[in-house]
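Here the structure comes first, spelled out in structure tokens, and everything after it is commentary.
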Amino acid sequence: MSRFVDATTDEQLDVPEATRRLGEIRRSDDDFLARAATVLVGLYNNRTLLRQILFASLRQLSSDAGSAFYSPQSFLISSGKLACESDTFTLRGNIWFPPTLVGVNQHLEDSVYSYGNCHDHNFEFLTVGYSGPGYATDIYEYDHDQVTGVVGEAVDLRFTQRAVLGPGQVLHFRKSKDIHVQLHPERTSISINILLSEKDLKVRPQYEFDLDTGRIASVLYSSSMFDVSMAQMIGQLGCHDVLQTVRTEMLDSPMWLHRHAALQALVDAGELGRADAVIKARDILPAAAAAALWGAA
């Protein structure tokens with residue numbers, strides 16, 4: 001389950017030093033979580049860090065570099081590679097506003113800031129409370145290996161705890177295991193994350209869940225879903241000259257959503273009949289997906 005990681009240090013780290021230290025850690029190290037959490041606490045101890053980041057971001061507005069903010073809520077701090085591994089990391093900041101500061105359109109703003117959205121992540125991450133009292137989050141867990149990934153599929157969601165990310169506290173979330181629902185903080189709060197990306201990030205789906213029904217509500221738009229959209233466009237536009245690439249690159253993909261999208265594109269473009277596609281779906285898709293999406297019982 002998600003858990004708080006004990007980490008203490010009196011050091012104050014700036015961004016270059018934090019980035020350097022993360023680049024010296026191996027995921028295979030027994031003390032990986034403790035060392036990564038200590039870096040976050042070192043950043044927390046630097047009480048001028050946020051002002052430095054925001055000042056640098058404002059200066060970038062007048063240059064071609066652009067702002068460090070890539071969404072209304074999130075801003076990039078730095079990125080790099082872990083030691084002797086292909087896994088990468090990203091240091092990211094998040095701003096969490098209370099409902100009294102969010103605006104009149106509460107539903108829209110809650111969607112932008114992911115409040116009340118029950119979802120997992122297809123990557124591992126650690127987060128530290130940097131400023132403010134911190135957000136609360138309801139945490140659940142599930143068995144990703146027992147889930148096909150079809151919208152409407154029932155999932156065994158197990159509640160584990162409600163956690164509040166207080167100042168200087170570090171919380172660890174496991175990829176494709178921990179599910180959480182963000183709740184408004186009492187006052188504006190800021191957290192700093194270490195996001196850990198692995199080779200399977202692109203082909204591992206991320207889900208949104210309906211807590212009332214205990215079912216998958218949607219497949220969130222990770223990078224793999226852009227490939228799905230591209231295949232749909234190719235099929236519907238009848239781009240026959242690139243359909244062969246869809247066949248070779250997506251029909252054998254380790255991600256079944258890619259295989260389904262490729263099959264649908266071939267049908268939409270008229271290169272494969274529906275009946276033949278249903279037979280093919282039985283061969284290349286999980287049984288639950290073939291039945292739900294193609295009627296292939």
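No experiment lies behind these values; they were computed from the predicted model shown.
- Pairs passing the salt bridge (Lys or Arg N to Asp or Glu O under 4.0 Å) check and including a residue from residues 6-18, sequence neighbours excluded, read Glu11-Arg21, Glu17-Arg20, Glu17-Arg21.
- Here the side chain of Thr127 pairs no donor or acceptor atom with the backbone of Asn193 at under 3.5 angstrom.
- Hydrophobic cluster membership of Met233, counting Ile, Leu, Val, Met, Phe, Trp and Tyr whose side-chain heavy atoms lie under 4.5 Å apart directly or via other members: Leu237.
- Listed by chain and residue number, His260 satisfy the ring-ring contact (aromatic ring centres under 6.0 Å, His included) test with Trp294 (two or more places apart in sequence, or in another chain).
- In the hydrophobic clustering, Ile279 connects to no other residue, as no ILVMFWY side-chain heavy atoms lie under 4.5 Å from its own.
- Cation-pi geometry between Arg158 and Tyr140 is not met: the NZ or CZ atom fails to fall both under 6.0 Å from the ring centre and inside 45° of the normal.
- Checked by atom type and distance alone, the side chain of Thr248 pairs as donor or acceptor with a backbone atom of Gln244 at under 3.5 Å.
- Annotation: side-chain hydrogen bond (donor to acceptor under 3.5 Å, both in side chains) contacts of Thr213 (sequence neighbours excluded): none.
- Qualifying side-chain hydrogen bond (donor to acceptor under 3.5 Å, both in side chains) partners for Arg162, counting only residues two or more places apart in sequence or in other chains: Asp138.
- Both the sub-6.0 Å distance and the 45° axial angle are not jointly satisfied by Arg174 relative to the ring of Phe125.
- Ring centroids of Phe173 and His121 are separated by 6.0 Å or more, keeping the two rings apart.
- Between the side chain of Thr38 and the main chain of Ala34, a donor-acceptor pair closer than 3.5 Å is present.
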